[in-house]
2 protein chains.
Amino acid sequence: MTRARKAVLDALRSAEEPLSAAGVIARIGDICDQATVYRALSYLEETGSAESFVLHCARDGTERYYIAAGERHHHWFHCESCHRFIDLGVCRLGRLCDQLEREFDVRVTEHTLYFSGLCGDCRK
Amino acid sequence: MTRARKAVLDALRSAEEPLSAAGVIARIGDICDQATVYRALSYLEETGSAESFVLHCARDGTERYYIAAGERHHHWFHCESCHRFIDLGVCRLGRLCDQLEREFDVRVTEHTLYFSGLCGDCRK
DNA sequence: CGCCGTTTTGCAAGTGATTCGCAGAACAAG
DNA sequence: CTTGTTCTGCGAATCACTTGCAAAACGGCG
Ligand SMILES: [Mn+2]
Ligand SMILES: [Mn+2]
Ligand SMILES: [Zn+2]
Ligand SMILES: [Zn+2]
């Protein structure tokens, strides 16, 4: 694990929420070039240390967000007002995936799921 | 409803699967400029005649896919081999959304969900 | 119909996120 | 050290998408 990759992985691990490439760059500063950050993110995802999903939001446009991979993958809620993410805990779709595989004769290897709306704070 | 918007909506309606802007353009030909297609897609989504989600796939990269809105929204399976979409039927997350709203004190106004893997044909 | 304010469109240029080419730096053996 | 492989910085390029702007189409209404 090179210094750049380590820095990117640390950034993901220490973040409480999914980070975009820009978010990672903001956190690690000038440790390496942005191209290296993108390459590190691809590397981490390919080797299973990170996961990602693409989210479109009004303020930040379309960006890919990365999370350090844990034991079991989580899903997230994105607040359209404060733009924070809330961890919704581990995936609850296991049952549904199995069911869909049988029902539609497909092999589901992954899925993307996230919710958006207003968080408790912003709703007040 | 202008001619361009009608053409785009027709393209979405007649498609059996979600279409990217490029997909729409391929189907309607030279009826209008691509900027108009993008504007029409935004318009249709804003006015509730279409829905979209962003999907990243190895072959086509990151693109936004649009579907003509029906009575109830559906979710889709994307085959990573033939790149076709399979309609998985109406959303089955109603229960889960309610549960998450209570559990995490959030207001869920929308969610993005899709599955990917290998379709029956490609698995053989 | 003819006039005028509002929308929509085409065209071309601009954005923003992400990727690539390439040459030099860092590594890993031998 | 020597040499083959991987990784990195830098700058340019891509790709999906958006925008500015002037012309075209539309929608009353007198
Ligand atoms: Mn956001
Ligand atoms: Mn695909
Ligand atoms: Zn919030
Ligand atoms: Zn297939």
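Because only heavy atoms are used, hydrogens play no part in the values below, and waters and symmetry mates are left out as well, while side chains stay in. Values in this document were obtained by computation on a predicted structure and should not be read as measured data. Below, chains carry the letters A, B, ... as their sequence lines are ordered, and counting in each starts from 1.
B:Ala4 comes within contact range of the sugar-phosphate backbone alone, with a heavy-atom separation under 4.0 Å but no base atom that close. Across all strands shown, A:Ile31 has heavy atoms under 4.0 Å from sugar-phosphate atoms exclusively, and none from any base. Among the atoms of the strands shown, none is found under 4.0 Å from any heavy atom of A:Ser20.
Distances were taken from every side-chain heavy atom of B:Ala21 (C-beta onward) to each of D:dG11, C:dC11, D:dC17; the shortest belongs to D:dC17. Taking the side chain of A:Arg64 as heavy atoms from C-beta on, and the options C:dT9, C:dC20, C:dT18, the nearest nucleotide is C:dT18. Residue A:Gln34 places its side chain closer to C:dT19 than to any other of D:dT8, C:dT9, C:dT19. Side-chain atoms of A:Ala35 lie closest to C:dC20 of the nucleotides C:dC20, D:dC17, D:dC21.
Computed from coordinates, the A:Tyr66 OH to C:dT18 C1' distance equals 9 Å when rounded to whole Å. B:Met1 has its CE atom 14 Å from the C1' atom of C:dT8, to the nearest Å. Distance A:Ile25 CD1 to C:dA17 C1': 10 Å, rounded to the nearest Å. Rounded to whole Å, atom C1' of D:dC17 lies 17 Å from atom CG of B:Leu19. Spacing between atom CG of A:Asp60 and atom P of C:dT15 amounts to 19 Å, rounded to whole angstrom units. Rounded to a whole Å, the CD atom of B:Glu63 is 16 Å from the C1' atom of D:dT18. One can place CG of B:Leu44 at 12 Å from P of C:dT8, the figure rounded to the nearest angstrom. In this entry the distance linking CD of A:Glu45 with C1' of C:dT19 reads 15 Å, nearest Å.
Taking side-chain N and O atoms only, B:Arg5 has a distance below 4.0 Å to OP1 or OP2 of C:dT8. The phosphate of C:dT9 (OP1 or OP2) has a side-chain N or O of B:Thr2 nearer than 4.0 angstrom. Side-chain nitrogen and oxygen atoms of A:Tyr38 include none within less than 4.0 Å of the OP1 or OP2 phosphate oxygen of C:dT19.
Checking B:His56 against B:Arg3, the closest nucleotide of DNA chain C that is more toward the 5' end is the one next to B:Arg3. Residue-to-nucleotide proximity on DNA chain C shows that, of B:Tyr43 and A:Asp33, the 5′-proximal contact is made by B:Tyr43.
Here the closest non-hydrogen pair linking A:Val37 and A:Ala21 is CG1-O, 4.4 Å.
The aromatic rings of A:His73 and A:His75 sit perpendicular, their planes meeting at an angle over 60°, well past the 30° parallel limit. Taking the six-membered ring where tryptophan is involved, the planes of A:Phe85 and A:Phe53 are perpendicular, since the angle between them exceeds 60° and thus also 30°.
A:Ser116 and B:Glu110 share no donor-acceptor pair across their side chains, judged by distance under 3.5 Å alone.
More than 12 heavy atoms of other residues, nucleotides or ligands sit less than 6.0 Å from atom CZ of B:Arg123.
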